[in-house]
Amino acid sequence: MHLTRLELDNFRNYAQLALDLTPGIALFQGANAAGKTSLLEAVFYLATAKSPHAGADRELIRWGASSEPIPFARVQAHIVKRNDTHTQLEIVLAQTVETTPHEERGTVNGRIGKRIKVNGVPKRAMDLLGELIAVLFLPKDLDLVFGAPSDRRRYLDITLSQIDPRYGRALLKYNQVLEQRNSLLREFRERAYNAHELAIWDHQLVEAGAYVIARRTETIERYNGLIAQVHPRLTNEREALCLVYQPSVTSDALTQEDPVSLATLTRQFAHQIERLRPRELGAGTTLVGPHRDDVHFFIEPTPKTNAPPMDANLYASRGQGRTIALSLKLAEVALMRAETGEDPVLLLDDVMSELDAPRRAALARTLLDARQAIVTTTDLADFPPEFLESARIGQVHHGAIEEI
């Protein structure tokens with residue numbers, strides 16, 4: 001899979017952009033705030049219908065577009081997949097227009113509407129997932145190592161939703177049920193407890209949540225196999241990396257079954273909810289489920305070192321944390337390729353900062369094998385000569401791109 005063309009209208013600081021792309025490496029250099037990150041954000045937005053930066057879609061509409069009659073932003077891409085099929089994706093954001101029976105033109109309100117099309121056919125955001133598969137690395141991905149558990153859960157959710165439609169549906173259902181169940185638990189602090197009423201939500205929560213936990217558990221196991229090949233290469237064979245998934249649904253039975261079946265997870269989840277019922281009624285919230293799970297990273301010794309295992313979430317340096325995040329993303333590329341048969345587009349923002357020279361060289365060698373990588377930097381000197389010779393290089397300046 002690769003992009004052949006990306007078009008932007010009023011997206012972030014791009015008034016208009018038409019960028020032709022080819023397989024291989026595209027390296028874009030520019031100063032901070034020039035628009036490099038927005039370029040990657042646009043591609044990832046087409047893949048997931050979500051921005052990694054914006055809190056709301058209205059933030060994606062270029063500031064200067066607010067003077068237009070109906071402010072809007074458009075992101076469009078042409079994609080070629082492995083079987084040589086061509087796909088066009090488009091997302092348009094625009095302030096909605098309201099009319100009354102006595103109005104001819106209507107008035108613009110403050111709400112932002114999102115229209116998604118695949119080959120010109122309107123689609124839901126859920127249907128967009130999987131059309132363009134992308135892996136994004138950002139400097140803030142250090143949060144995957146040092147941030148809150150919610151950062152790591154969100155990463156798993158975005159990854160799995162791109163490759164498993166059932167996971168996306170189960171996660172959406174789980175979050176909807178969780179909100180309703182928590183609301184009901186809060187109500188029970190003000191009125192009489194109704195066991196039958198809560199049982200309806202319990203069943204739906206367990207059914208959706210067990211699948212989410214099962215897929216996350218399986219994915220972490222697969223990550224470990226892939227990262228065993230990636231991380232030592234990025235660290236000159238001085239470090240190995242192990243991921244440990246920590247579900248809140250726990251019991252002795254889960255540790256005795258390998259792999260854990262969906263039926264076992266469902267049964268144990270239901271049992272744990274029943275056991276925690278008094279505490280949940282007191283707290284007014286759901287105390288167990290995939291919304292409380294976490295992932296830990298452990299740096300382990302290799303034949304080149306004698307250091308003891310280290311909990312990276314607590315003790316890794318920033319350079320080690322960035323390498324862990326990169327290893328995770330490169331393993332994600334391999335995972336997506338295995339799951340979908342497609343090579344995902346690799347998006348790397350300011351990837352070389354805070355890496356020492358050996359790690360930079362190792363990463364550059366690894367990127368040369370990517371089907372398509374779009375990379376940004378403030379300084380071309382961060383990349384070795386052989387990498388620069390293989391890359392198509394462009395300069396980003398105030399929302400415009402010039403080829404060097």
Taking the side chain from [X] and the backbone from [Y], do they hold a donor-acceptor pair closer than 3.5 Å?
{"X": "Arg74", "Y": "Asp9", "result": "no"}
{"X": "Thr266", "Y": "Glu207", "result": "no"}
{"X": "Glu280", "Y": "Leu287", "result": "yes"}
{"X": "Asn313", "Y": "Phe297", "result": "yes"}
{"X": "Asn182", "Y": "Glu179", "result": "no"}
{"X": "Lys140", "Y": "Pro52", "result": "yes"}
{"X": "Glu239", "Y": "Thr302", "result": "no"}
{"X": "Thr377", "Y": "Leu380", "result": "no"}
{"X": "Asn236", "Y": "Arg238", "result": "no"}
{"X": "Arg115", "Y": "Ala94", "result": "no"}

Exercise. Sequence neighbours excluded, which residues qualify as side chain to side chain contact (heavy atoms under 4.5 Å, CB included) partners of Arg189?
Worked result: Arg186
Seminar exercise, completed: Applying side chain to side chain contact (heavy atoms under 4.5 Å, CB included) to Asp57 and not counting sequence neighbours gives Tyr45, Leu60, Leu93, Ile112, Lys114
Problem set entry | side chain to side chain donor-acceptor pair (under 3.5 Å) contacts in which one or both residues fall within residues 119-130, not counting sequence neighbours |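 Found Arg124-Asp127.
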At their closest point, which heavy atom of [X] faces which heavy atom of [Y], and how far apart are they?
{"X": "Glu339", "Y": "Ile163", "value": "CG-CD1, 3.7 Å"}
{"X": "Ala316", "Y": "Ile299", "value": "CB-CD1, 4.4 Å"}
{"X": "Ala49", "Y": "Ile116", "value": "CB-CD1, 4.3 Å"}
{"X": "Ala331", "Y": "Ile227", "value": "CB-CG1, 3.6 Å"}
{"X": "Asp151", "Y": "Leu144", "value": "O-CD2, 3.7 Å"}
{"X": "Val145", "Y": "Ala312", "value": "CG1-O, 3.7 Å"}

Is any side-chain heavy atom of [Y] closer than 4.5 Å to one of [X]?
{"X": "Leu40", "Y": "Phe137", "answer": "no"}
{"X": "Arg82", "Y": "Arg371", "answer": "no"}
{"X": "Phe188", "Y": "Leu198", "answer": "yes"}
{"X": "Leu326", "Y": "Leu355", "answer": "yes"}
{"X": "Val375", "Y": "Phe28", "answer": "no"}
{"X": "Val80", "Y": "Thr85", "answer": "no"}
{"X": "Met336", "Y": "Met1", "answer": "no"}
{"X": "Leu6", "Y": "Leu46", "answer": "yes"}

If I take atom [atom1] from residue [X] and atom [atom2] from residue [Y], how far apart are they, to the nearest 0.5 angstrom?
{"X": "Tyr14", "Y": "Leu39", "atom1": "OH", "atom2": "CG", "result": "4.5 Å"}
{"X": "Thr159", "Y": "Leu328", "atom1": "OG1", "atom2": "CG", "result": "7.5 Å"}
{"X": "Phe387", "Y": "Ile25", "atom1": "CZ", "atom2": "CD1", "result": "4.0 Å"}
{"X": "Leu184", "Y": "Asn194", "atom1": "CG", "atom2": "CG", "result": "8.0 Å"}
{"X": "Asn13", "Y": "Thr37", "atom1": "CG", "atom2": "OG1", "result": "10.0 Å"}
{"X": "Leu368", "Y": "Glu389", "atom1": "CG", "atom2": "CD", "result": "10.5 Å"}

Quick test of your reading of the model: are [X] and [Y] salt-bridged, counting only N-O distances below 4.0 Å?
{"X": "Glu386", "Y": "Arg365", "result": "no"}
{"X": "Asp294", "Y": "Arg152", "result": "yes"}
{"X": "Arg153", "Y": "Asp293", "result": "no"}
{"X": "Arg216", "Y": "Asp157", "result": "yes"}
{"X": "Asp356", "Y": "Arg359", "result": "yes"}

Other residues, nucleotides, ligands: >12 heavy atoms within 6.0 Å of [X] [atom1]:
{"X": "Arg5", "atom1": "CZ", "result": "yes"}
{"X": "Gln16", "atom1": "CD", "result": "no"}
{"X": "Arg275", "atom1": "CZ", "result": "yes"}
{"X": "Lys81", "atom1": "NZ", "result": "yes"}

Problem set entry | Check against salt bridge (Lys or Arg N to Asp or Glu O under 4.0 Å), Arg181 and Asp202 | CA-CA 8 Å; Arg181 188 175 187 273; Asp202 288 351; 2.6 Å; yes
Exercise. Step by step, would you call Thr235 with Leu241 a side chain to side chain contact (heavy atoms under 4.5 Å, CB included)?
Worked result: CA-CA 10 Å; Thr235 61; Leu241 181 65; over 6 Å; no
For this session: Quickly, which of Thr4, Leu21, Leu89, Thr87 forms a side-chain contact (heavy atoms from CB on, under 4.5 Å) with His78? Name it, please.
Result: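 That would be Thr4; it is the only one of Thr4, Leu21, Leu89, Thr87 passing the side-chain contact (heavy atoms from CB on, under 4.5 Å) with His78.
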Exercise. Where do Tyr167 and Val212 land on the side chain to side chain contact (heavy atoms under 4.5 Å, CB included) test, with the steps shown first?
Worked result: CA-CA 6 Å; Tyr167 183 91; Val212 170; 3.5 Å; yes
For this session: For side chain to side chain contact (heavy atoms under 4.5 Å, CB included), just list the numbers for Ser51 and Arg12, CA-CA rounded to whole Å, side-chain angles, deciding distance to a tenth of an Å, and then say yes or no.
Result: CA-CA 11 Å; Ser51 165; Arg12 291 293 196 183; 4.2 Å; yes
Problem set entry | Test log, rule side chain to side chain contact (heavy atoms under 4.5 Å, CB included), inputs Gln372 and Leu3 | CA-CA 8 Å; Gln372 185 176 51; Leu3 276 76; 3.7 Å; yes
